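Every number for a ligand or one of its atoms is a count from 1 in the order of the listing. This is a predicted model, so every value here is computed, not measured.
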Amino acid sequence: MKHLFSTLLLSIAIISQAQMSDTEIDKKVDSLLSAMTLAEKVGQTNMYNGPWEFTGPVPQDENSQLKADNIKKGYVGGMINVLTAKGTREAQRMAVENSRLGIPLIFGYDVIHGYKTMLPVPIGQASSWDFDGVKKGAQLAARETAASGVHWTFSPMIDVSYDARWGRIMEGAGEDPYLTSVMAKAWIEGYQGDDLSDPLTIAACAKHFAGYAFAEAGRDYNTADVSSQTLYNVILPPFKAAVEAGAATFMNSFNDVSGVPATADDYLQREILKGKWGFEGFMVSDWGSIGEIMTHGVARDSAHAGELAFTAGSDMDMESRIYEFYLADLVGSGTISEDLLDDAVSRILRIKYKLGLFDDPYRYSNESLEKSEVFSAKNKEIAKGIARSSMVLLKNEGALLPLNKTVKSIAVIGQLANSKDVPLGNWRAQAVANSAVSLEEGIRNAVDSKTKVTFAQGYTLTKGRRDFIHELTWVDDQGEGFEEAIEVAKSAEVVVLALGEDCYQTGEGRSQADIGLKGQQLELFLRVMEVNPNVVVVLMNGRPLAIPEVATKAPAILETWFGGSEAGNAIADILFGNYNPSGKLPVSFPHHVGQEPLHYDRKRTGRPVTNEFDNGLVFWSHYTDMTNEALFPFGHGLSYSSFEYDDLNLTPTEDGVMVNVKVSNVSELAGKETVQVYIWDKVASLSQPIKRLVDFKQVSIAAGDSQQITFTLTKEDLGFYTNNYEFVVEDGEFEIMVGTSSRDHIKQSIDLTF
Ligand code: NOJ
């Protein structure tokens, strides 16, 4: 009888889901909801970690048995970490074939920068400022993920971050709300495509809502103390953009904002996200974050934590197991209304319908697609292209780069230079350890057969275990390879020296108080420079580094982040001029960690440092031992071409201003430039940043050519949110800056009336 009923319901639901209208989906959700018991409804809000290989037997321990029983009863809505076409098929079968209503599970996974073919880490992707490229990368990740049976990624992370100490800065798009909004849209559109039921697309999850990156002192999970101005104008805009891009789901965050744990924040989740912005998807908690409401000291016990989280709009519980054990009673006792429960369950079911799971719960568990899609040669080629555009040429004195492929000898130095693992980055999903193309391999692949390439390790960064969950152990002594590296450097025509971080220095739980170079790297750099001035520094890192000595002394520096599976080949393409670098920094690099949090879009203050006033006097907003400026500013990135900006013209329009500028490629090489527009609203009712990015365009310009570039800035670009979360645009003088970085631009002022 039970089976008959579920077959009946499924067959009602089966009439092709693809392209079903929202109204049709709503109708189906309503009718399914009316057939559900309280326990089944609560089940949909419950998400389990997948504890065993679903292709084998259920382990005999109590927890696994309980989980398996609940899946079979229909008391589970989603699972995390259940993988592969085969594994997801078996887990799905357990739910669909045993439960009364046969409601399919949704499988989620942290696909942060690729499933098995690794793309550059997100901060690297954002350095491309390339909407189409980033979208293409997300499409690739979606194809591999979906083909492995997974429906949903916990990405993108769109927390704007000012603080290089925070390890998760690597997972986002950097310090700017506008650039992060553009990237959010690219990631979400890439993952989700036009039709979520397409078996090669997946649901996105915009996270962490909200304020997580403002963890005090850059220490992960720390309290976030943010003003209304920061919340409304910096933190929230990318999330609003995510809703506009159609993000299927959101994840909340571990931190509190003004004393309210984000998971229990009614204002953020119900009033703003689901109310003002009209978000129709569902909100999943972060791992265990509902339980952590107690640890924050805001909930008395588990039931209270469940009540607060659910009332505030957290629809699905990731592994706190609180909804599982307490939600039915909370609804039964009237503490939580059944309407609220119905709203959460409808949101979850709606996404399952959109994914086409009621049509065919196994539609993503396709082994032949898994074989052809995952880590395919085609995907690696795409990943290489994205890696190339993510790299930022920070310095190139005397045009040391590009190197000639017929160079007689190259010394490739540094433990990072022959690592096949570090370029894969942290949060690497199913990437196989040591599967990246190393820098050394990339160079060997690129050079002429007569070129002598010699590798020397030079320094050792870490010893022992390196993985996602354990602390790293640093090596501070000079190993045997140190002196050998100096010798190798001495006799080479050019040195390529890899410096930076292990990939497990950034990511969740990886905050650092010191963001310089660990171990013997700086010492080695200085010694190498003494014996050979032709040093190209290749940086691998997931955060801005404080490297003033390297920035001053090295003639050439290429920022490569953690470039993914094809990192070495992509770097070599830039070193030898097969690709003209085009990346721009999405974050400011400081001179010193003491400048953090550092961001270019700062306010002027009542006592700014200006050339007029600061000469020798101390009563200005500054450090007595350090500049206020960045070592490398936001938006900075060189090319092998040279660009010049002239003829800036501003024309007022009905609701803003038209900006025209001439950009010329004054070199003998075609190149790509990212033309950036910043504004300063000079007098406003609330003090405004001295510059903030409002638009940019990427243009390819032939050698010796010029292009007229036009931007149309509207009220939306020129206004800001008040402390009551009202958007206003105020009349007055605006300074408009257009240029190649947040520091290097031409400018003009205009009076605007709206
Ligand atoms: C905790 C992290 O904060 C979140 O970003 C991630 O998606 C979940 N764990 C699941 O792994």
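Between Y162 and H599, the two ring planes are parallel [angle under 30°; tilted spans 30° to 60°].
The neighbour count for K518 NZ, taken as heavy atoms of other residues, nucleotides or ligands under 6.0 Å away, is above 12.
Here M157 has no heavy atoms under 4.0 Å from ligand 1, in either its backbone or its side chain.
With a 6.0 Å cutoff to the six-membered ring centre and a 45° limit on the axis angle, R93 counts as a cation-pi contact of Y362. With a 6.0 Å cutoff to the six-membered ring centre and a 45° limit on the axis angle, K352 does not count as a cation-pi contact of F358. In this structure, K67 is positioned above the aromatic face of Y48, its NZ or CZ under 6.0 Å from the six-membered ring centre and within 45° of the axis.
Relative to atom 10 (C) of ligand 1, the option among D220, D110, I112 with the closest non-hydrogen atom is D110.
Not close to ligand 1: E171, with no non-hydrogen atom less than 4.0 angstrom away. For the ligand labelled ligand 1, residue N81 lies outside the 4.0 Å heavy-atom shell.
Ring pair W152/F282: centre-to-centre distance below 6.0 Å. Here F468 and W427 bring their ring centres to under 6.0 angstrom of each other.
For atom 1 (C) of ligand 1, the closest heavy atom belonging to the protein is D286 OD1, 2.9 Å.
Close contacts between ligand 1 and I80 involve ligand atoms 10 (C), 11 (O) [criterion: under 4.0 Å to a heavy atom]. Within ligand 1, counting atoms from 1 as listed, the ones closer than 4.0 Å to a heavy atom of M251 are 4 (C), 7 (O). Of all atoms in ligand 1, listed by their number and element, those nearer than 4.0 Å to a heavy atom of F154 are 7 (O).
Distances between N or O atoms of H208 and those of ligand 1 include at least one value under 3.5 Å. In terms of N/O distances under 3.5 Å, ligand 1 is not approached by Y212. Considering backbone and side-chain atoms together, K207 places an N or O closer than 3.5 Å to an N or O of ligand 1.
In terms of heavy atoms, Y323 sits closest to S314 at OH-O, 2.7 Å.
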